[in-house]
Chemist: 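Here it is, the structure in full.
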Amino acid sequence: MTYTLRQIDIDKDRRLGFREAGKGRAALFLHGIGSGSLSFERQLDAFSGSCRAIAWDAPGYGGSDDHPQATPSDTDYAADVLALLDALHIDEVVLCGHSLGGLIATACVALAPERIKRVVLSSCASGNGMLAEGLRQKRLQDRLDAMMTLGPAEHARQRAPRMMSPTTDVATAAKVENIMARLRPTGYTQACHVLGNGNAFDNLRKWPNPGPPTLVVVGEDDVITPPDSVRRVAQAIPGALFEVFENAGHAAYLERPDTYNEVVGNFLRR
């Protein structure tokens, strides 16, 4: 079903957008750089019967205002996650972060571990902060130039196919492209800086020991965050579970939602 976009003030000058369904313990879904809260409808369907399932729009996406800083960090976005939880009167949460959302989730645990009860990292982006300065800046500029030159619609048309496995059905592929075409250049630019300068491994070194129970998942056909790179994230988290989804690319939660929801649901019930 379709879930209404809502907005809430996180301070006197800014609002964040989100969609939600269900009641009980909270599970917050954090989308990737080319997506938005709209992409998590199947997860809201699946988890609303057992928890309060919420999907946010990152700053500058969907119903959320731009971030006040031109070049925010993953820690800045993590602070916004916590501000959203405060505004929604949520003390503890399960975080389900996809791609850039996974990087943000690692920063959330580093910032406020007492509030994060479990973590799901889906095709987790490690961030480019570990790269040499020249390569990091080149990758950032390439992303920014592509959006500026092509515009959101053409950028989505060219970029979306890389998000998916060759086996993904036409309807799902169209949905991925449609959601990506809704990107706002300013929000995307700010998120590019978060990705370009973030470092998930630095965040993980700040986690408590033991940290929250963590599940790490990735699609076998993911060319954006390949299985080997995501496996390294899992290996850096003591006790983390790791699973690879067959016939799925970077957008596994959209491409194989039933399998994704079953695996995540089983983890949340452990």
Chemist: Please collect all salt bridge (charged side-chain N to carboxylate O under 4.0 Å, His left out) contacts where either partner lies in residues 36-46, sequence neighbours excluded, each pair once.
Modeler: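 Found E41-K175, R42-D258.
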Chemist: Could you identify which residues cluster with L38, counting Ile, Leu, Val, Met, Phe, Trp and Tyr as linked when any side-chain heavy atoms lie under 4.5 Å apart, either directly or through a chain of such contacts?
Modeler: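 Listed partners: I179.
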Chemist: According to salt bridge (charged side-chain N to carboxylate O under 4.0 Å, His left out), does anything in residues 22-33 pair up with another residue at least two apart or in another chain? List the pairs.
Modeler: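 Qualifying pairs, neighbours excluded: none.
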Chemist: Report the residues that fulfil ring-ring contact (aromatic ring centres under 6.0 Å, His included) with Y188, sequence neighbours left out, ordered by chain and then residue number.
Modeler: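 ring-ring contact (aromatic ring centres under 6.0 Å, His included) list for Y188, sorted by chain: H155.
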Chemist: Pairing donors with acceptors under 3.5 angstrom, does anything connect the side chains of T225 and H250?
Modeler: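 Their side chains do contain a donor-acceptor pair, which is all the 3.5 Å distance test asks for.
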Chemist: Going by side-chain heavy atoms closer than 4.5 Å, which hydrophobic residues are tied to L144, directly or by a chain of links?
Modeler: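 Direct or chained contacts put L144 with L140.
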Chemist: Would T172 and E255 count as having a side-chain donor-acceptor pair, cut-off 3.5 Å?
Modeler: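 Checked: T172/E255 side chains show no N/O donor-acceptor pair below 3.5 Å.
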Chemist: Do E20 and R52 meet the salt-bridge criterion of a basic N to acidic O distance under 4.0 Å?
Modeler: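 So R52 pairs with E20 through a salt bridge.
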Chemist: Sort and list the pairs that fulfil salt bridge (charged side-chain N to carboxylate O under 4.0 Å, His left out) and have at least one residue in residues 206-228, not counting sequence neighbours.
Modeler: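 Every pair satisfying salt bridge (charged side-chain N to carboxylate O under 4.0 Å, His left out) with a residue in residues 206-228: there are none.
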Chemist: Taking all heavy atoms of V119 and all of P212, pick out the closest pair and write down the distance.
Modeler: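 Closest heavy-atom pair between V119 and P212: CG2-CG, 3.8 Å.
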Chemist: Can you tell me which residue pairs pass the ring pair (Phe, Tyr, Trp, His ring centres under 6.0 Å) test with a partner in residues 107-139, sequence neighbours excluded?
Modeler: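 Matches after skipping sequence neighbours: none remain.
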Chemist: Cut-off 3.5 Å, side chains only: do Y253 and S39 have a donor facing an acceptor?
Modeler: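 Yes, side-chain donor-acceptor contact under 3.5 Å.
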Chemist: Can you give the donor-acceptor pairs under 3.5 Å from side chains of residues 81-89 to other protein atoms, not counting sequence neighbours?
Modeler:
unit_1: D86; atom_1: OD1; unit_2: R115; atom_2: NH1; d: 2.9
unit_1: D86; atom_1: OD1; unit_2: R115; atom_2: NH2; d: 3.0

Chemist: Hey, are R205 and D202 close enough for a salt bridge, meaning a charged N less than 4.0 Å from a carboxylate O?
Modeler: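 Between D202 and R205 there is a salt bridge, with a charged N closer than 4.0 Å to a carboxylate O.
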Chemist: Tell me, do P59 and D65 make a side-chain contact under 4.5 Å, heavy atoms counted?
Modeler: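 Not in contact.
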Chemist: Output yes when a side-chain donor or acceptor of R159 lies under 3.5 Å from a complementary backbone atom of M180, and no otherwise.
Modeler: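 A pair under 3.5 Å: no.
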Chemist: Go through the steps for R184 and D66 under the test salt bridge (charged side-chain N to carboxylate O under 4.0 Å, His left out), then give the verdict.
Modeler: CA-CA 9 Å; R184 304 203 306 267; D66 296 341; 3.4 Å; yes
Chemist: Side-chain contact, heavy-atom cut-off 4.5 Å: Y260 with S122?
Modeler: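 Contact flag for Y260/S122 side chains = yes.
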Chemist: Can you see whether N266 engages R270 through a side-chain donor-acceptor pair at a distance of less than 3.5 angstrom?
Modeler: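 Checked: N266/R270 side chains show no N/O donor-acceptor pair below 3.5 Å.
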Chemist: Quick one: do L28 and I10 end up in the same hydrophobic cluster if we chain Ile, Leu, Val, Met, Phe, Trp and Tyr together by side-chain heavy atoms under 4.5 Å apart?
Modeler: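 In one cluster with L28: I10, yes.
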Chemist: Are the side chains of P152 and M147 in contact, using a 4.5 Å heavy-atom criterion?
Modeler: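 Result yes, sub-4.5 Å side-chain heavy-atom pair found.
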Chemist: Ignoring hydrogens and angles, state whether a donor on the side chain of D57 or S64 is under 3.5 Å from an acceptor on the partner side chain.
Modeler: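 Per modelled atom types, D57 and S64 side chains form no pair under 3.5 Å.
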Chemist: Output all residues satisfying side chain to side chain donor-acceptor pair (under 3.5 Å) with R231, sequence neighbours left out; order by chain, then residue number.
Modeler: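 Partners of R231 under the side chain to side chain donor-acceptor pair (under 3.5 Å) test: none.
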Chemist: Would you check, one step at a time, whether the test side-chain contact (heavy atoms from CB on, under 4.5 Å) holds for L204 with V233?
Modeler: CA-CA 9 Å; L204 292 175; V233 173; 4.3 Å; yes
Chemist: Looking at M164, is its backbone amide N or carbonyl O close enough to the side chain of T168 to form a donor-acceptor pair, meaning the two atoms are under 3.5 Å apart?
Modeler: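 Between the backbone of M164 and the side chain of T168 there is no qualifying donor-acceptor contact (under 3.5 Å).
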Chemist: Using side-chain heavy atoms (C-beta onward) and a distance below 4.5 Å, is L5 in contact with F18?
Modeler: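 No - every pair of side-chain heavy atoms lies 4.5 Å or more apart.
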Chemist: Taking side chain to side chain donor-acceptor pair (under 3.5 Å) as the cut-off, I'd like each qualifying pair that reaches into residues 239-249, sequence neighbours left out, listed once.
Modeler: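 For residues 239-249: none.
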Chemist: For V263, which of L241, L268, L215 qualifies under side-chain contact (heavy atoms from CB on, under 4.5 Å)?
Modeler: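 Filter result, single survivor: L215.
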Chemist: Could you measure the distance from the CG atom of L183 to the CD1 atom of I33? Nearest 0.5 Å is fine.
Modeler: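 Going from CG on L183 over to CD1 on I33, the span is 8.5 Å.
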Chemist: May I ask you to decide if R14's main-chain N or O and D11's side chain share a donor-acceptor pair within less than 3.5 Å?
Modeler: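 Yes: the side chain of D11 pairs with the backbone of R14.
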Chemist: Is there a donor-acceptor pair under 3.5 Å between the side chain of T106 and the backbone N or O of L103?
Modeler: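 Yes.
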Chemist: Before you tell me yes or no, could you show the steps for Y61 and H31 under ring-ring contact (aromatic ring centres under 6.0 Å, His included), namely the whole-Å CA-CA distance, both residues' side-chain angles and the distance that decides it to 0.1 Å?
Modeler: CA-CA 10 Å; Y61 285 69; H31 62 81; 4.9 Å; yes
Chemist: Between I54 and F29, is there a side-chain heavy-atom distance shorter than 4.5 Å?
Modeler: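 F29 vs I54: side chains apart.
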Chemist: For H67, enumerate each residue passing the ring-ring contact (aromatic ring centres under 6.0 Å, His included) test, keeping only those at least two apart in sequence or located in another chain.
Modeler: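 With neighbours one apart ignored, the set is Y77.
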Chemist: Which residues satisfy the side-chain contact (heavy atoms from CB on, under 4.5 Å) test with E133, sequence neighbours excluded?
Modeler: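 If we apply the side-chain contact (heavy atoms from CB on, under 4.5 Å) test to E133, skipping adjacent residues, the hits are R136, Q137.
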Chemist: Would you say M130 has more than 12 foreign heavy atoms packed within less than 6.0 Å of its CE?
Modeler: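 Enclosed: over 12 neighbouring heavy atoms sit under 6.0 Å from CE of M130.
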